[in-house]
Number of protein chains: 2
Amino acid sequence: MPSAGARRTEKLQAILAATEQLMLEQGYGSVTYRSVAAKAGVAAGLVQYYFPSLDDLFVGVLRSGTDRVIEGLEDAARSEHPLRALWEYANNRSGTALLMEFMALANHRPGVGEVIGEGGERVRCAVVEAVSGRWPDYGLDEDTLPPSALVFLLGAIPRMVHLEEGLGTFAGHAETVAVVERFLDRVEPNVAD
Amino acid sequence: MPSAGARRTEKLQAILAATEQLMLEQGYGSVTYRSVAAKAGVAAGLVQYYFPSLDDLFVGVLRSGTDRVIEGLEDAARSEHPLRALWEYANNRSGTALLMEFMALANHRPGVGEVIGEGGERVRCAVVEAVSGRWPDYGLDEDTLPPSALVFLLGAIPRMVHLEEGLGTFAGHAETVAVVERFLDRVEPNVAD
DNA sequence: GTCTATACGGCGATAGAC
DNA sequence: GTCTATCGCCGTATAGAC
């Protein structure tokens with residue numbers, strides 16, 4: 001028989017996983033204490049016991065998913081091809097869909113917005129610092145194209161593409177992606193040295 | 001005494017204006033039949049009479065505001081400095097805030113999303129067509145930087161900047177804007193010819 | 001501590017009265 | 001055309017079982 005602590009962890013994980021799944025499948029609007037409880041196989045009151053407000057629940061999902069992502073990105077930033085790693089991470093569709101869901105959610109949930117903003121600032125600064133040193137190797141001029149601008153663009157472009165495609169706008173996307181990938185091929189060739 | 005038709009138009013306009021104002025001030029989540037009715041000075045049932053679902057109400061606001069904007073942008077696209085006009089339009093803060101509100105809203109309101117997607121595709125194609133002919137004048141290579149990619153970027157960058165700043169992320173924004181404006185200064189100098 | 005059951009006011013939506 | 005009554009679901013609060 002599992003201990004009380006193990007059961008607690010188990011149910012907490014189930015609640016967080018159920019919430020994330022609901023957000024991806026049906027949007028944050030479908031996240032209610034009752035729907036989460038049903039999907040996680042617990043009582044609705046229990047969800048509210050651990051997460052007194054829905055904001056707390058959303059922030060819990062955000063933190064549990066983001067901490068790991070930030071670690072991975074910081075590693076990638078110190079890897080062989082940080083720019084390409086950043087580009088590919090932002091192109092990850094399910095991760096981007098969840099981030100967009102949180103951005104939409106944050107629009108008028110200040111508590112959620114703060115957590116996203118902090119995480120975004122933290123990871124961007126880390127990546128910028130990691131790639132700045134390589135600018136001479138890339139053959140790029142810091143004044144013409146500063147590292148922070150490129151890091152912003154490599155994250156923003158795929159996200160905006162996915163956001164627009166979700167709405168039914170597609171014009172210019174393939175061309176933009178092609179431009180960026182030709183750029184990456186030039187400054188970060190696949191075969192190192 | 002105003003005619004019945006005039007009163008109808010008057011109340012409809014009041015409802016649409018109240019809805020848009022509520023979206024900008026407190027977010028689409030605050031838009032309810034009761035709140036719109038209170039702000040517009042009509043009965044809640046009347047709002048629902050004209051807009052049977054909230055989706056209908058949102059689409060009404062979207063259409064009433066967007067048709068005019070699209071006209072203006074198409075004119076701008078045929079103007080002296082189409083790229084700069086596009087860039088400045090996307091940098092308009094209140095318009096972008098409302099668009100972002102609708103994008104967030106559309107995430108799981110398919111009816112609203114379709115209207116935005118159609119409008120986005122329409123205006124982008126119009127702008128691309130308007131600027132394509134000038135590519136040789138700009139001194140740009142259609143393969144290196146296709147018109148559709150640049151049009152996408154000029155709209156997407158300011159929107160993502162505003163979106164992130166609303167969440168508390170600022171890193172790289174000023175640098176990115178500076179890069180784009182140096183580019184515009186080069187291909188579309190302020191003094192023509 | 002963990003967890004369940006129940007109650008309350010507000011919401012979108014519907015049907016139908018005037 | 002205009003407005004009210006009503007329904008089911010929501011977030012929230014609380015009382016109490018284990």
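Lettering follows sequence order; numbering is per chain, from 1.
Between the A:Glu142 side chain and the A:Trp135 main chain, no donor and acceptor come within less than 3.5 Å of each other. Judged by distance alone, the side chain of B:Glu175 and the main-chain N or O of A:Ser148 form no donor-acceptor pair under 3.5 Å.
We find that B:Arg134 and B:Glu188 are not joined by a salt bridge, their nearest charged nitrogen and carboxylate oxygen being 4.0 Å or further apart. Between B:Arg182 and A:Asp143 there is no salt bridge, since none of the side-chain N atoms of the basic residue sits less than 4.0 Å from a carboxylate O of the acidic one.
Non-hydrogen atoms lying under 4.0 Å from DNA chain C are contributed by A:Tyr49, A:Tyr50, all within residues 47-62 of chain A. The stretch residues 31-42 of chain B has no heavy atom under 4.0 Å from DNA chain D, so no residue of it qualifies as close.
Note that the CG atom of A:Leu163 and the OG1 atom of A:Thr96 stand 10.5 Å from one another [nearest 0.5 Å]. With rounding to the nearest 0.5 angstrom, the OH atom of B:Tyr50 is 14.5 Å from the CG atom of B:Asp56.
Contacts of A:Ser64 classified as side-chain hydrogen bond (donor to acceptor under 3.5 Å, both in side chains), with partners at least two apart in sequence or in another chain: none.
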